[in-house]
Amino acid sequence: MPIKAAAYCRVSTDKEEQLSSLESQRKFFAGYIEKSDDWELAEVYYDEGVSGTSTRHREGFQRMMEDAYAGKFQIIITKEVSRFARNTVDTLSCTRKLRELGIGVLFINDNINTLEPDGELRLTIMASIAQEESRKTSERVKWGQKRRMEQGVVFGRSMLGYDVKDGKMTVNPEGAEVVRLIFHKYVNENKGTHVIARELMESGIRPMRVKEWSNTVILRVLRNEKYVGDLCQKKTYTPDYLTHDKKYNRGSEEKIYIRNHHEPIIEREVWEKAQGILAGRTLTEEQKSRHSCRYWCSGKLLCGECGERFVSRTKKLSDGSIYKAWRCAASAKHGVKKINSFGETVGCCGHSVNEQVLLESVSFVLKLMQINRKELISGMTEELQKVMHIPVQVDIKSLEEGIRRIEVKKQTLLDRFIEGIVAPADYKNQNQRYNNEIAEIREKINAQSRLQSELDYQTRKMKECIGYVNKYLDFEEVNEHICGEVTEKITVYNNNTLEVKLKYAAPVTLRYTTSGRGSSYSVKFICKNSLLS
């Protein structure tokens, strides 16, 4: 009975001639397998326009490996090692996994069968050669790109204000007007990036590649040297030719900067004024640190109407006092809920909330916990004891030993198959039985490991929770620091309702009323649910 055979092929670019080659490869492998009486075609897997240095992004390859685990074929036919993978680690890792499943890989041009005794040794040598060739190719490409960059060839895609084609930049009149408008608002009208972003959205002007304008997008425009006619390249680089992951170039490689490279959109005088304003408004690292820590509830306030986060709003009153409140970010950015010029729903009708209300709501919930302290601690301790006394259900070491015994049987079966003592059909059936036994044992091990991890996690969390409750229920006076430490999330609703979620505690729903102003301002709360529910 013929065994199921799969094939794998790949081309590294999506150029027309390469895709034609891919189609030829697929036809070749289909015919190659069908000619053999010992094989029956399962499927020809392929990838187009992807690199061979890593298997992570190859969908066809990944699908082939998944089907291998599903037992859909018993052998894989491929052209050569460099088409399978140019990464030695990936090559050996994948072929070993396949061999554990009883699946061999036959490299036609290299005459390597991974099921043969010397298959892995020969494969290691050929994979290393392929990887080294890939490294040399990468170095040659990088060297060539750098030389072309030095000659002024642009590497990159079109952007707001410029079209990039064949390595040259030409002004896009429509986009250029938007760029000039941004610089005019920033330099001449002294508007901030948030205001500019909002005004562009309200004017019906669309940004490129992103859904809406934001201060981050505006800052990128203001800082981009291309708008003054200069060209800076190698802002990012690829440190590892195997992973192809890009990183920002912060001095790791030399950047290439060409002054007056192309037609500018912004005059240099305006550009330099913009950079001066940016430098003056940019926070130092120390200021950033202080800024990120100055609000106890930053990132913890959510709008119950739209789900957006709340942002701080501070203003000085006529009597000299400071009024601090928090407002939904969607409302602060777009105003009330409405349909914008693009037909999209923006804004929010969520109300703002006084910071004093938030502070006193946390204090109120902490006092509720003080009242119920004994019940809380008792319940937590009881749960902890239950978790700590759950018995271990299986012996993982004995299960692992069982897998090792089956692996020995599998190796013996493979040796007998290679020697011709065991028929292909018998090998396939017995090997599948061994694989099923191993899979069942591994599932038992995984289930026990998951249970033990969950028990360890619950034990740790319970102990943390008890220590936490003991620590923060001994306070004499609630301040911003304590509120910041104990608060996990506060959801703000319109009808003077808050849902306060403290760490290690159930959420508490509060209704509040306020009275007075300034020093006479006061808040009263009504708890809508039980703290212990």
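When a residue number appears, it is its place in the shown sequence, counting from 1.
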Looking only at heavy atoms, what is the nearest atom pair of D37 and P2, with distance?
O-CB, 3.6 Å

Is the distance between the ring centroids of F61 and Y8 under 6.0 Å?
yes

Under 3.5 Å side-chain donor-acceptor pair for N436 and Q432:
yes

Yes or no on salt bridge (charged side-chain N to carboxylate O under 4.0 Å, His left out) for E407 and R404, after CA distance, side-chain angles and deciding distance?
CA-CA 5 Å; E407 291 287 2; R404 282 191 285 272; over 6 Å; no

Heavy atoms of other groups near E174 CD, more than 12 under 6.0 Å
no

Mind checking the OH-SG spacing from Y46 to C9? Nearest 0.5 Å is all I need.
9.0 Å

Please tell me if the side chains of I256 and K146 come closer than 4.5 Å, counting only heavy atoms from C-beta onward.
yes

Rounded to the nearest 0.5 Å, the CG atom of L98 sits from the CG atom of L115 at a distance of 9.5 Å

Minimal heavy-atom distance between K255 and C232, with the atoms involved, is CD-SG, 4.1 Å

Are I406 and I441 close enough that some pair of their side-chain heavy atoms sits under 4.5 Å apart?
yes

For N446, look at atom CG and say whether over 12 heavy atoms of other residues, nucleotides or ligands are found less than 6.0 Å away.
yes

Is there a side-chain contact between F29 and Y45, using heavy atoms and a 4.5 Å cut-off?
no

Taking T487 for its side chain and L502 for its backbone only, find out whether a donor-acceptor pair lies under 3.5 Å.
no

Please indicate whether K501 has more than 12 foreign heavy atoms, meaning atoms of other residues, nucleotides or ligands, lying under 6.0 Å from its NZ.
yes

Interatomic spacing from CD1 in I418 to OH in Y427 - rounded to 0.5 Å:
7.5 Å

Mind running side chain to side chain contact (heavy atoms under 4.5 Å, CB included) on L231 and Y257 for me, showing each step along the way?
CA-CA 6 Å; L231 177 66; Y257 198 101; over 6 Å; no

Flag, side chain of K35 to backbone of A30, donor-acceptor distance under 3.5 Å
no

Side chain proximity check, I403 to R442, heavy atoms < 4.5 angstrom
yes

Donor-acceptor contact present, side-chain N431 to main-chain L413, <3.5 Å
no

Residue pair R209, R157: steps toward the side chain to side chain contact (heavy atoms under 4.5 Å, CB included) verdict:
CA-CA 11 Å; R209 301 190 185 92; R157 55 185 179 176; 3.3 Å; yes

Between K234 and M149, is there a side-chain heavy-atom distance shorter than 4.5 Å?
yes

Give the ring-plane orientation class for Y32 versus W39, where under 30° counts as parallel, over 60° as perpendicular and anything between as tilted.
tilted

Just verifying a value: how many Å separate I76 CD1 and T95 OG1, rounded to the nearest 0.5 Å?
10.0 Å

Side-chain ion pair, R10 and E80, N-O less than 4.0 Å
no

Which residue is it: L41, D38, I75, V44? I am looking for the one with a side chain to side chain contact (heavy atoms under 4.5 Å, CB included) to I33.
L41

Counting only heavy atoms not in R220, do more than 12 sit closer than 6.0 Å to its CZ atom?
no

To the nearest 0.5 Å, how far apart are NZ in K397 and CD1 in I445?
13.0 Å

Would you confirm whether Q233, through its side chain, and V153, through its main-chain N or O, come within 3.5 Å as a donor-acceptor pair?
yes

Can we say E66 and R63 salt-bridge, meaning some charged N sits less than 4.0 Å from an Asp/Glu carboxylate O?
no

Any donor-acceptor pair under 3.5 Å linking the side chain of R309 with the backbone of G299?
yes

Distance col, row D67:CG vs K4:NZ, nearest 0.5 angstrom, shows 11.5 Å

Side chain proximity check, L160 to N172, heavy atoms < 4.5 angstrom:
no

Can E23 and R26 be counted as an ion pair, charged N to O under 4.0 angstrom?
yes

Under the criterion side chain to side chain contact (heavy atoms under 4.5 Å, CB included), which of V171, V179, N224 is the partner of Y162?
V171

So, do I112 and R122 sit near enough that their side-chain heavy atoms are less than 4.5 Å apart?
yes

In terms of heavy-atom contacts, P264 and G229 come closest through CB-N, 3.8 Å

For the residue pair F107 and I77, establish whether any side-chain heavy-atom pair is separated by less than 4.5 Å.
no

Return yes if some donor-acceptor pair links the side-chain N/O of D426 with the main-chain N/O of V422 below 3.5 Å, else return no.
no

Might you point out which heavy atoms bring N260 and D230 nearest each other, and give the distance in Å?
N-OD1, 2.9 Å

Please test K226 against H261 for side chain to side chain contact (heavy atoms under 4.5 Å, CB included), starting from the C-alpha separation and ending with a verdict.
CA-CA 9 Å; K226 294 182 179 68; H261 170 268; over 6 Å; no

Before you tell me yes or no, could you show the steps for E499 and I490 under side chain to side chain contact (heavy atoms under 4.5 Å, CB included), namely the whole-Å CA-CA distance, both residues' side-chain angles and the distance that decides it to 0.1 Å?
CA-CA 6 Å; E499 185 182 77; I490 300 177; over 6 Å; no

Heavy atoms of other groups near R148 CZ, more than 12 under 6.0 Å:
no

Minimum heavy-atom separation for R147 to W143, with atom names?
NH1-NE1, 2.8 Å

What is the minimum heavy-atom distance between S158 and M208, and which atoms define it?
O-CE, 4.1 Å

For salt bridge (charged side-chain N to carboxylate O under 4.0 Å, His left out), just list the numbers for K72 and E43, CA-CA rounded to whole Å, side-chain angles, deciding distance to a tenth of an Å, and then say yes or no.
CA-CA 9 Å; K72 294 186 177 181; E43 186 174 346; over 6 Å; no

Tell me the side-chain hydrogen bond (donor to acceptor under 3.5 Å, both in side chains) pairs involving residues 210-219, sequence neighbours left out?
E212-K333

